[in-house]
Amino acid sequence: MIKKGIGRQIVMHYFIVVFVTLLLVEVIFMFAIRSYYYNSISTHLENYAAWASDYFQKYVKQNEEDELSYLPDMIQTFKLVNTEVEIVNGDGVVLTNSTDFQVDRPVQTSDVVQARAGNISKWIGRQPGTGELVMAVSSPLKVNGTNKFIIRYVTSLELVNEKLMNITLLSIVVGVIVLAVVLLFSMGLANSIVKPINNIQAVSSQMAKGNFDVRVKGDYAYELGELAATLNFMAQEIVRSNQIKDDFISSISHELRTPLTGIKGWSETLTMGGFDKEETEIGMKIISKETDRLIGLVEEMLDFSKLQQNEMKLVIGSVNITELLQEIMLNVWAKAEQKQIHLKLEGETEQPVMVSGDANRLKQVFLNIVDNAIKFSHENSIIYLLVSKAEETAAISVKDTGIGISEENLRRVKDRFFQVNHQGGGTGLGLAITQQLVELHKGTINMESELGTGTTVQVTLPLMKADSEHPDGSGDSAGSADADNIVSAEESARAAKDI
C-alpha cells in the first residue's frame, strides 16, 4: 500500500494515463481487426458472386431454354467451404441451395432487395430460426440486362467472432501486464523523487528549528539538485549573515563604547571642577567631537534602516556634479592635509555636468567614497576625481594609489556589515548605503582594485534631460547639498583645484 503523498499521486497519475491510453489503443485495435476480418470475408464472397454472375450470363446466352436446369451446376461450380450458396428468384424464394435444405420462407433481407435492384450487396444479421450471426452477399444473375435470379452466399461469423474474442482476451492480458509493469515502474520513479524530497524536508525542518549546520547530502538531478543546492547556499548565507551580525554587534558596541567612555570621563572630570579655562575648553571639544561621532554612527544606522525598509525619501532636483565634487573636496581638505594627500579634480570640469538627484544624498555618496580613499591612501599621495560625460550618463571616478583591496575582499566589500579591517572602526555599512543610494538614483557603482596598487571607484549617473535642465545651467546642488557648506562655484573651483 502506497502512503498518501506526492508518491501516491505520481503512481496514480501514471496508472490512469497509461490505463486510458491502453484502453483507447485496444478499442481502436479491436475495431480495426473486426473490420479487417469482416471486409476480407465480404470481399471474398463478392468476388465469387461476381464471377458466378458473369459465368451465368455467358452460359444462358448460349442455352436460354435450359437456364433452370443449370442452376444446380452453378451451385456445385461456385460453392465455398463453410458457406451456403443459394439461388433465389425475384420474390426471394430459394430455388436451390448447396445444403439441399428446403427453405420454407422467402428471403427478404436487405442484400436480396439490393440485388433485385441490380447491385451486389452485403447483409449481416441473425439467421431466422437458428439465431446464428451470419453474413450474406447477394448478386443478381442477369441475362441481356434483366435480373433472372439472385445468387446468395451465406456464411457464419461465429468462428470469426470466436477468434476476435480470443484476440480481445489476449490484448487484455497484454494490457494488464503492461499496467503491472507501469505500476512497478511508477512506484520506483515515485520513490526516486520522494526520497530526496523527504531528505530535503528533514533538513529544512532542522533549519527551521535554528540548526543551520545541517546540509542536504546527495547528488540529486535537475530541479531537486538545484533545490538542495539553494537550500545549502541559504543555510551558508544565514550562517555568514549571523557571523557578520555578531561581528557588527561587537564592532558597533566597541565604536559606541569608545566615545561614550570619553564623554563620561570628561563630563565627570569637568564636574569635579578646579580646571583652568584652557583645560575646560579641551574637555568640551573632546565631548563635542565624540558626540558628533556618536551622531554619525546613529545616522548611518538610521539611513541603513530606512533603505532596508524602502522608506528613504529623495528630494530630487538638478545637481551640478562638478560643484558637488568641489564642495566635497573642501569638506575633506583638513583630513587630506593631515596625510599630505592631494586631491585633483579633472575631466569635464569647465562645463556643468547636470544630473537629476538628491544633492544631499549624492554628497553623502561621494563623501563616503572620497573619505575611504583618503583613509586607505599613503601619505604624500594623490587622489584623482575624474568627471566624464557620455551621451546619457555622467561617470565620476575616484582613483587612489593606496593599499588596495584583495580580490576576495573586493567581492564582499559592498556587503552590509562587512569590514576589511575590524580594527579600523565604522559599522561596515558605508559602502552598502552608498550602493543603495546610487541605485535609488538609477545609477551604478563599480570598484576595481589591486592589493598594493590602489582602488578606483566609478559611479555612473543618468544625465538630466535637456528639457528639464535649469535654464542657467548652474543647478541647485550648491544650495541644497549642505547649507553649512555654501560656497560659490567660482570660489570652490579655485580652491578645489589647488588642494
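Residue E278 qualifies as open at atom CD: its count of foreign heavy atoms under 6.0 Å is 12 or below. By the neighbour-count criterion of 12 heavy atoms within 6.0 Å, atom CD of Q351 is sparsely surrounded, having that number or fewer from other residues, nucleotides or ligands. Within 6.0 Å of OH on Y14 lie no more than 12 heavy atoms contributed by other residues, nucleotides or ligands. Crowding of L302 atom CG: a count of heavy atoms from other residues, nucleotides or ligands under 6.0 Å exceeding 12. The neighbour count for K163 NZ, taken as heavy atoms of other residues, nucleotides or ligands under 6.0 Å away, does not exceed 12. Within 6.0 Å of the CG atom in D219, the count of heavy atoms belonging to other residues, nucleotides or ligands does not exceed 12. Within a 6.0 Å radius of NZ in K442, no more than 12 heavy atoms belonging to other residues, nucleotides or ligands are found.
One N or O on the side chain of S381 and one on the backbone of H378 form a donor-acceptor pair closer than 3.5 Å. When atom types are taken as modelled, the side chain of T168 and the backbone of L164 share a donor-acceptor pair closer than 3.5 angstrom. With K339 contributing its side chain and S377 its backbone, the two residues share a donor-acceptor pair below 3.5 Å. Remark: the backbone N or O of V315 is paired with a side-chain donor or acceptor of D358 at under 3.5 angstrom. The closest donor-acceptor contact from the side chain of T43 to the backbone of N39 lies under 3.5 Å. The main-chain N or O of N380 is never found under 3.5 Å from a side-chain atom of H342 such that the two would form a donor-acceptor pair. Side-chain atoms of N161 come within 3.5 Å of backbone N or O of L157 as a donor-acceptor pair.
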Practice task
Quick one: do V174 and I177 satisfy side chain to side chain contact (heavy atoms under 4.5 Å, CB included)? Show the steps, please.
Solution key: CA-CA 5 Å; V174 171; I177 293 173; 5.6 Å; no
Exercise for the section: Take V203 and M207, measure what side chain to side chain contact (heavy atoms under 4.5 Å, CB included) needs, and give me the verdict at the end. Expected result: CA-CA 6 Å; V203 172; M207 291 181 181; 3.7 Å; yes
Exercise for the section: Give the C-alpha distance, both sets of side-chain angles, the deciding distance and a yes or no for side chain to side chain contact (heavy atoms under 4.5 Å, CB included) between K363 and I328. Expected result: CA-CA 7 Å; K363 184 176 181 179; I328 290 170; 4.0 Å; yes
Handout entry: Check against side chain to side chain contact (heavy atoms under 4.5 Å, CB included), T271 and T269
Key = CA-CA 5 Å; T271 303; T269 301; over 6 Å; no
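The residue from V365, L362, V353 that alone fulfils the side chain to side chain contact (heavy atoms under 4.5 Å, CB included) condition with L461 is L362. Of the candidates V319, L463, N320, N320 is the only one forming a side chain to side chain contact (heavy atoms under 4.5 Å, CB included) with M354.
Atoms CG and CG, on N331 and D371 in that order, are 10.5 Å from each other to the nearest 0.5 Å. One distance of note links CD1 of I369 with CD1 of I383; it measures 12.0 Å at 0.5 Å rounding. Taking CD of E299 as the reference point, atom CG of D292 lies at 9.5 Å (rounded to 0.5 Å). With values rounded to the nearest 0.5 angstrom, M165 atom CE is found 11.0 Å from I167 atom CD1. Distance check, rounded to the nearest 0.5 Å: CD1 of I321 to CG of L385 gives 11.0 Å. Once rounded to the nearest 0.5 Å, the distance linking NZ of K375 with CG of D400 reads 12.5 Å.
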For residues 18-30, dump all side-chain donor-acceptor pairs below 3.5 Å to protein atoms at least two apart in sequence or in another chain.
unit_1, atom_1, unit_2, atom_2, d
T21, OG1, V17, O, 2.7

Extract all donor-acceptor atom pairs below 3.5 Å that involve side chains of residues 224-236 and protein atoms in other chains or at least two apart in sequence.
unit_1, atom_1, unit_2, atom_2, d
T230, OG1, E226, O, 2.7
N232, OD1, V216, N, 2.8
N232, ND2, V216, O, 3.2
N232, ND2, A228, O, 3.4

Solution key, residues 180-200 side-chain donor-acceptor pairs under 3.5 Å, sequence neighbours excluded:
unit_1, atom_1, unit_2, atom_2, d
S186, OG, V182, O, 2.9
S186, OG, L183, O, 2.8
N191, ND2, M187, O, 3.2
S192, OG, L189, O, 2.5
N198, ND2, V194, O, 3.4
N199, ND2, K217, O, 3.3
N199, ND2, Y220, OH, 2.7

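Scanning all heavy atoms of the two residues, the minimum distance from I316 to S356 falls at CG2-OG, 3.2 Å. Closest of all the heavy-atom pairs between T401 and I382 is OG1-O, 4.1 Å. In this structure, S156 and E132 approach most closely via the heavy-atom pair OG-OE2, 2.6 Å. The two residues S267 and I287 have their closest heavy-atom pair at N-CD1, 3.9 Å. The shortest non-hydrogen separation linking S42 to K122 is OG-CD, 3.2 Å. Across A394 and V355, no two heavy atoms sit closer than the pair CB-CG1, 4.1 Å.
By the 4.5 Å heavy-atom criterion applied to side chains, T291 and I263 are counted as neighbours. No side-chain heavy atom of I41 sits under 4.5 Å from any side-chain heavy atom of H44. Residues M135 and Y38 are in side-chain contact: their nearest non-hydrogen atoms beyond the backbone lie under 4.5 Å apart. Between E158 and E162 the shortest side-chain heavy-atom distance does not fall below 4.5 Å. Counting only heavy atoms from C-beta outward, the side chains of N211 and V214 approach each other to under 4.5 Å. In this structure, V457 and N446 have side chains that are not in contact, with every pair of non-hydrogen atoms separated by 4.5 Å or more. Considering only heavy atoms from C-beta on, V134 stays 4.5 Å or farther from R126 through its side chain. Residues E379 and I341 are not in side-chain contact: their nearest non-hydrogen atoms beyond the backbone lie 4.5 Å or more apart.
With 3.5 Å as the limit, one finds no donor-acceptor pair spanning the side chains of Q326 and T322. Between the side chains of R240 and Q243, no donor N or O sits under 3.5 Å from an acceptor N or O.
Between K277 and E281 there is no salt bridge, since none of the side-chain N atoms of the basic residue sits less than 4.0 Å from a carboxylate O of the acidic one.
Each side chain to side chain donor-acceptor pair (under 3.5 Å) pair with one or both residues in residues 449-461, not counting sequence neighbours, appears once here: S397-Q458, S449-T455.
Take S406 and apply the side chain to side chain donor-acceptor pair (under 3.5 Å) test, not counting sequence neighbours, and it matches N409. With sequence neighbours excluded, no residue forms a side chain to side chain donor-acceptor pair (under 3.5 Å) with R34.
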